[in-house]
There are 2 protein chains.
Amino acid sequence: MQRPSVTMKDVAKAAKVSVMTVSRAFNADKSVNAESRKKILAIAESLGYVFDATAANLRTQKSGFVAVTIPSINNANFAATVDAISERLAQAGLQVLLGYSGYAIDREEELIVQLLRRRPEAIVLTGGHHSPRARRLLENAGIPVIEIWELPADPLGHVVGFSNAQTMHGMVDHLVALGHKNICFVGGEETGDQRGMDRRRGFIEAMTAHGLSPEHLFAAGPAPVSMREGALAMAKLLDSFPQADAVVCVSDLIAFGALSECQRRGIGVPEDIAIGGFGAYEIAAVAHPTITTIDPQPREIGYRTAALIIDLLDPARDVAPRQRVEIDWRLLAAGSTSRRV
Amino acid sequence: MQRPSVTMKDVAKAAKVSVMTVSRAFNADKSVNAESRKKILAIAESLGYVFDATAANLRTQKSGFVAVTIPSINNANFAATVDAISERLAQAGLQVLLGYSGYAIDREEELIVQLLRRRPEAIVLTGGHHSPRARRLLENAGIPVIEIWELPADPLGHVVGFSNAQTMHGMVDHLVALGHKNICFVGGEETGDQRGMDRRRGFIEAMTAHGLSPEHLFAAGPAPVSMREGALAMAKLLDSFPQADAVVCVSDLIAFGALSECQRRGIGVPEDIAIGGFGAYEIAAVAHPTITTIDPQPREIGYRTAALIIDLLDPARDVAPRQRVEIDWRLLAAGSTSRRV
DNA sequence: TTGAAAGCGCTAACAC
DNA sequence: GTGTTAGCGCTTTCAA
């Protein structure tokens, strides 16, 4: 039960070759005889040898890791982005080292330190808001830094994202075109969720641009907010502002909670009140009515991020610094916002 | 932009001490003068030094990693387990190295190889079904192996889980007590989702035990299955077996899809047909009606797993081999299954 | 309380 | 096509 610790040396001895040849066999170096290689790998397998990446990394100064931070693992959209990153990077032999910042800037700083100690070859950060020390560490790390899911005003390095504020212009335009005027917003207060706050800001901008009052803002509590909070916030909203004819929610989960609350009260959606969400979560497509939402293409964010990293790590390619990849978002109009008569 | 590569040597030189003293300072060794330590850490920070865990790991033969495999990141329950594991292990200075097996046994084998190369100090596997080579690798790895989310008949090492089949006895007993007889099951066919298949098996056992026909089984497609597939499967079910008075679904997502399909058709839940799910997903508590489900306590699985690992890695504690921690599950009766008249 | 030497398991660089 | 030597950045061990 103790570490058997079969090393390359043991394999070399058993195969009657030098350690170097074993190393070459494992790294698929062409200079090693194909037959020797096959034999060596077979002997290694029979000895139960497992290549030690730690030692190789130290020598080559390449960890094979890409560090990724997300606010929470329990969010289908971030999960989709991470999944896409992992999938694409695995093809390039890179492994994702994942960490959760818990929507807290100081948790993120500590996390970044822990991740940098592993000497990742690149680091991906969800969001563009970091502590001063975190910024310093990242700037000095000497590795590509990619911020995703936002378009930070002052990016650390590369960016793969979209304007969360802009998406809300799309949503408000859609509702105004349908004849809505008393439009409210739920979520995105000061909570550490920068993207939610950006969407709230975008809502205010868009309402103002249409000459409508952007003052009907309802809190849903600190991130992460979900369905339950959506129902509670909607109850508050209906009680305090019954004239509301549309509600924009910071996420589809909130929107679904809001929809549930309406159904509980016998309020018709979209006849009495329209509801819009964000995120194109599965629930938006399955709920009754289906929920109008914004698709931010989370997998596309992941793929583009991974592709950028692969390019950046390829010494043959000379990628310009501070790439800015803007991801298209789409409004998906659905049953929860239908034409007014 | 190239690796600045400040090493301990550089810090030592700047602080006018030996590398060894710097090492002691970073490891909070009491033998180092408190004032020296403070000074050294300040100098290190000013130089932008970041401790190199790779090098330390090689020397100490401890990686600080615990490897964890889950079928998919995009599953709130596995995410909750991983989150709880990470949280608890972080307190012990251990980092989670996460990988996705994609519900495929050969993907899992490849993943296990990749993870073992990083020399984790323990490995956690979701599920108890592995390829022969994977089993061999894990047995020879010389580290604690913990299988979770199931109670495998032939475990590799330790187990933290529950009987998926048993939970369906609970669900069927509940429905039978309410007077249901024509009970169907949706999901869990041969798809690589061992836990889903176990639940399907448990359903068949329980129905047989009650003297009821366990033959109304409906496929929902290969894992991962979700809301959409639930709606489609329910449509098939309603068309081919209109006498059905209750449906047990392999997960709450399927159950919600099934509920949606009923609502679309004007079929009353629970008046015309009762629906049960699994997983205690948030949707079960927010849907209308709320959905009766099984809570498998995913965070508890994570905490108990992490606690076990911490004990196992503590040389002072002598934990018996092949621990078997059984997690309690609970039936949460809700609106989708109400008493028959 | 601090330092010097040796080495963890692998690979770059250079021989042969 | 294969082997030898040296060393990646730390820490163990022993000495002072």
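Here the structure is a predicted model, which is why all the values come from computation and not from measurement. Throughout, a chain's letter reflects where its sequence line sits, starting with A, and its residues are numbered from 1.
Heavy atoms of B:Thr54 sit nowhere under 4.0 angstrom from any nucleic acid atom. Counting non-hydrogen atoms under 4.0 angstrom, B:Phe26 reaches nothing in the nucleic acid. Counting any heavy atom pair closer than 4.0 Å across all strands shown, A:Ser31 reaches a base atom. Nucleic acid contact class of B:Asn27 (heavy atoms, under 4.0 Å, all strands): sugar-phosphate only.
Between the C1' atom of C:dC10 and the CZ atom of B:Arg117 lies a distance of 12 Å, rounded to the nearest Å. In this structure, CE of B:Met8 is placed 15 Å from P of D:dC8, rounded to the nearest angstrom. Whole-Å rounding puts the B:Glu35 CD to C:dT2 P distance at 11 Å. Taking atom CG of residue B:Asp29 and atom P of nucleotide D:dT13, one finds them 13 Å apart after rounding to whole Å. When rounded to the nearest whole Å, the span between CG of A:Asn57 and P of D:dC10 equals 14 Å. Atom NZ of B:Lys13 and atom C1' of D:dG9 are 14 Å apart (whole Å). Atom-to-atom, NZ of B:Lys39 to C1' of C:dT2 comes out at 13 Å; the value is rounded to the nearest Å. The nearest whole Å value for the distance from the CZ atom in A:Arg24 to the C1' atom in D:dG3 is 8 Å.
Comparing D:dG9, D:dT12, C:dA12 by their closest approach to the side chain of A:Leu58 singles out D:dG9. In this structure, of C:dT2, C:dT11, C:dG3, it is C:dT11 that holds the atom nearest to the side chain of A:Arg59. Considering only side-chain atoms of B:Thr7, the nucleotide from D:dC10, D:dT11, C:dT2 that sits closest is D:dC10. When each of C:dG3, C:dG9, D:dT2 is scored by its nearest atom to the side-chain atoms of B:Ser18, the top-ranked nucleotide is C:dG3. With distances taken from any side-chain atom of A:Asn33 to the nucleotides C:dT1, D:dG1, C:dT11, the minimum falls on D:dG1. Listed candidates were C:dA12, C:dG9, D:dG3. Nearest to the side chain of A:Val17 is D:dG3. Across C:dA13, C:dG9, D:dC8, the shortest atom-to-atom separation from the side chain of A:Gln61 is found for D:dC8. Closest to the A:Phe51 side chain, of the nucleotides C:dG3, C:dC10, D:dC10, is C:dC10. When distances are taken from the side chain of A:Thr60 to each of C:dT1, D:dG9, C:dT11, the shortest belongs to C:dT11.
Ring centroids of B:Phe26 and B:Tyr49 are separated by less than 6.0 Å, placing the two rings close together.
Helix-axis bend for the helix from C:dT1-D:dA16 to C:dC16-D:dG1: the local axis fitted to the five terminal pairs at one end deviates from that at the other end by 30°, rounded to 10°.
Under 3.5 Å, the side chains of A:Tyr100 and B:Glu87 contain no donor-acceptor pair of N or O atoms.
Not one side-chain nitrogen or oxygen of A:Tyr49 sits closer than 4.0 Å to the OP1 or OP2 atom of C:dG9. One finds a side-chain N or O of B:Thr21 lying less than 4.0 angstrom from the OP1 or OP2 phosphate oxygen of C:dG3.
Contact check for B:Val159 versus B:Ile146: no side-chain heavy atoms found under the 4.5 Å cut-off.
A:Arg117 contributes atom CZ, which lies 10.5 Å from atom CG of B:Asn57 (distance to the nearest 0.5 angstrom).
Other residues, nucleotides and ligands contribute over 12 non-hydrogen atoms within 6.0 Å of the CD atom of B:Gln91.
Under the side-chain hydrogen bond (donor to acceptor under 3.5 Å, both in side chains) test applied with B:Glu147, the options B:His158, B:His130, B:His129 reduce to a single match, B:His130.
Comment: B:Glu45 engages A:Arg136 in a salt bridge, judged by a side-chain N to carboxylate O separation of less than 4.0 angstrom.
Side chain A:Arg119 to base D:dG9: no donor-acceptor pair is found below 3.5 Å.
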- Go through B:Glu35 and B:Arg37 one step at a time and tell me if the salt bridge (Lys or Arg N to Asp or Glu O under 4.0 Å) criterion holds. CA-CA 5 Å; B:Glu35 216 160 306; B:Arg37 180 175 133 84; over 6 Å; no

- Message: Could you go through B:Asn74 and B:Ser72, starting from their C-alpha distance and side-chain angles, then the distance that decides it, and tell me whether this counts as side chain to side chain donor-acceptor pair (under 3.5 Å)?
- Response: CA-CA 5 Å; B:Asn74 206 343; B:Ser72 159; 5.8 Å; no

